[in-house]
Amino acid sequence: MNHEEKKALYSFLIIYTLSAFVLIAIIAILYYNRGIVSIQDRCSMQMRNAALWMEKELMHADMDHLTYHFKARKDGLRIGLFDAHNKKLYSNLKDNDIYFSKKAYRNYQHDYHIQKLNPPILGVAYIVVENDGIAKDRLKLITLIIATMLVSMVFVSFIGYCLSKILLRPAQSRIQKLNRFIKDSSHELNTPISALLMSASSLKHAKEMNPRVINHISVSAKLISQIYNTLSFIAFNDVDERFDEAFDLKELVQESVRFFNEIAASKGNHITVSLEKTDVFLDKTRIQKIINNLLSNAIKYSYAKSEIEVLLKDYTLCIINQGEGIKKEDQKSIFKRFERRNSNEEGGFGIGLDIVQRICKEYDIQIKVESQLKEKTTFFLTFPRP
């Protein structure tokens, strides 16, 4: 992973994690508020029940004319009994500084419920219930929320990392293909350019014109021209306008064959043609790009000193070459941009057949490929009738 990819990954993770944290924090706050209300209601109910229980105990002692013996509760609640002058009678409260004017209140550590008895029972005018369970429950709630948030953030970060890797994967694949394309382009251009330079150097020292050198120059120039046409179509196809016109497809194929004859001959190949007159109404430039790409591929992937056949009959153009062939499982993928049958094979960018397919779709031209391994490959183009 390069620097830019890491930067994009970290940026996505930060934004994703922060947004998830904000959402989780909002949910945590809402849950905390709801939890606190529930805790307070439960504790208030416990204290009221405790006060009622204490009032009931006092009433029983008063009715039975018994002396009341104060007993501490086992549920953690603490009780204070006070007379009408706020004097402590019985108490196990931690804080005896009570606000008797209130029915319930809360300080930093405890919650209080005050029940006034009117009339007093056995001299008890106020029953005070003290509870510190709310503080403990609040601490438990906060601890639970923080732990849940930490686990959630770890989980969200992991999911974010996995998502970012999945999102970057197509871009990484595209970059790898582009890097390979640039490397192949450099190699593809280097061959004819080197041949041109060598031929030019030979001409400088030659006393007379050498037909072989002139042929090398012509072939190299044509290869560069074909490469330029391929690259320019990829770059400017979206802005180029269509110019459909009536023409004879036979003449266009003958023109392309003449162009590639020298290139084929440099490899020892021979192009044979059998063409019949075929009138079409299409964009002549784009159709020639189809034919040129298929002829170029036929030469590149054919055995040396083999024959390449070009047939045109009944609106179907067939280009047949003898070579390694194309595996059945590769016959669909070869039309994808930057895809090549074998990255070790010389020549080609992996964009020629992509251009062919795009133009065929644009003009409703049916394209089909048949191949026999180690023998031959045939491309069929069926053109629409005007």
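We're numbering straight along the sequence, starting at 1.
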Can we say Asp314 and Arg385 salt-bridge, meaning some charged N sits less than 4.0 Å from an Asp/Glu carboxylate O? yes
Could you check whether any side-chain N or O of Thr17 sits under 3.5 Å from a backbone N or O of Ile14, counting only pairs where one atom can act as donor and the other as acceptor? no
Taking every heavy atom of Met47 against every heavy atom of His113, the minimum-distance pair comes out as CB-CB, 3.7 Å
Compare every heavy atom of Ile127 with every heavy atom of Leu117, then report the nearest pair and how far apart it is. CD1-CD1, 3.9 Å
Donor-acceptor pair, Ser296 side chain versus Asn292 backbone, under 3.5 Å? no
Within this structure, what is the CG-SG distance for the pair Leu77 and Cys43, rounded to the nearest 0.5 Å? 8.0 Å
Validation row: Leu58, Glu55 side chains within 4.5 angstrom (heavy atoms): no
Holding to ring pair (Phe, Tyr, Trp, His ring centres under 6.0 Å), I want the full list of residues that pass it with Tyr105, two or more places apart in sequence or in another chain. Tyr99, Tyr112
Answer yes or no: is there a side-chain heavy-atom contact under 4.5 Å between Ile290 and Cys360? yes
Is Asn269 reaching over with its side chain to a backbone N or O of Ser306, donor-acceptor style, under 3.5 angstrom? yes
Please name the pair of heavy atoms, one in Leu13 and one in Gly160, separated by the smallest distance, quoted to 0.1 Å. CD2-C, 3.4 Å
Determine yes or no for a side-chain-to-main-chain donor-acceptor pair under 3.5 angstrom, with Asp283 supplying the side chain and Asp244 the backbone. no
State whether the number of non-hydrogen atoms from other residues, nucleotides or ligands found under 6.0 Å of Arg34 atom CZ is greater than 12. no
What about Leu275 and Ile320, same hydrophobic cluster or not, with Ile/Leu/Val/Met/Phe/Trp/Tyr joined at side-chain heavy-atom distances under 4.5 Å? no
Ring pair (Phe, Tyr, Trp, His ring centres under 6.0 Å) pairs, two or more places apart, involving residues 19-48: none
Membership question, hydrophobic clusters at under 4.5 Å side-chain separation (ILVMFWY): are Phe70 and Leu93 in the same one? no
Mind running side chain to side chain contact (heavy atoms under 4.5 Å, CB included) on Ser256 and Gln288 for me, showing each step along the way? CA-CA 7 Å; Ser256 294; Gln288 191 161 50; 3.7 Å; yes
Between Ile291 and Leu317, the two heavy atoms sitting closest are CG1-CD2, 4.0 Å
If we ignore hydrogens and angles and just use 3.5 Å, is the side chain of Lys313 paired with the main-chain N or O of Glu276 as donor and acceptor? no
Parallel under 30°, tilted from 30 to 60°, perpendicular over 60°: which one fits the rings of Tyr68 and Tyr90? perpendicular
Please tell me if the side chains of Ser91 and Asn96 come closer than 4.5 Å, counting only heavy atoms from C-beta onward. yes
So, the side chain of Glu307 versus the backbone of Thr272: is there a donor-acceptor pair under 3.5 Å, distance only? no
Interatomic distance, Lys305 atom NZ to Lys267 atom NZ [nearest 0.5 angstrom]: 12.5 Å
Residue pair Thr278, Phe383: steps toward the side chain to side chain contact (heavy atoms under 4.5 Å, CB included) verdict: CA-CA 9 Å; Thr278 305; Phe383 292 84; 5.8 Å; no
Spatial distance of atom CE (Met153) from atom CG (Leu18) [nearest 0.5 Å]: 7.5 Å
Return the CG to OG distance between Asn297 and Ser302, rounded to the nearest 0.5 Å. 10.5 Å
Do Asp248 and Val280 pass the side chain to side chain contact (heavy atoms under 4.5 Å, CB included) test, and can you show the C-alpha distance, the side-chain angles, and the key distance before you say yes or no? CA-CA 6 Å; Asp248 185 358; Val280 294; over 6 Å; no
Starting from Phe259, can I reach Val310 by hopping between I/L/V/M/F/W/Y residues whose side chains sit under 4.5 Å apart? yes
How far apart are the closest heavy atoms of Ile359 and Arg286, and which atoms are they? CD1-O, 3.4 Å
Answer yes or no: is there a side-chain heavy-atom contact under 4.5 Å between Gln40 and Asp111? no
Quick one: does Phe82's side chain get under 4.5 Å of Leu89's, heavy atoms only? no
Counting distance only, does the side-chain N/O of Lys289 pair as donor-acceptor with the main-chain N or O of Ile355 below 3.5 Å? no
Under 4.5 Å between side-chain heavy atoms, counting indirect links through other Ile/Leu/Val/Met/Phe/Trp/Tyr residues: same cluster for Met149 and Phe158 or not? yes
Is Leu249 close to Leu282 at the side-chain level, that is, under 4.5 Å between some pair of heavy atoms? no
Given the rule that I, L, V, M, F, W and Y join up when any side-chain heavy atoms are under 4.5 Å apart, are Ile319 and Leu312 in one cluster? yes
For the residue pair Gln254 and Val273, establish whether any side-chain heavy-atom pair is separated by less than 4.5 Å. no
Validation row: Ile365, Ile287 side chains within 4.5 angstrom (heavy atoms): yes
Passing candidate, side-chain hydrogen bond (donor to acceptor under 3.5 Å, both in side chains) with Arg78, options Asn131, Asp132, Asn92: Asp132
Minimum heavy-atom separation for Ala20 to Val156, with atom names? CB-CG1, 3.3 Å
Any donor-acceptor pair under 3.5 Å from Asn321 side chain to Tyr301 backbone: yes
Distance (rounded to the nearest 0.5 Å) between Lys328 NZ and Ser371 OG: 9.5 Å
Working to the nearest 0.5 Å, report the span between OG of Ser38 and CG of Asp137. 9.5 Å
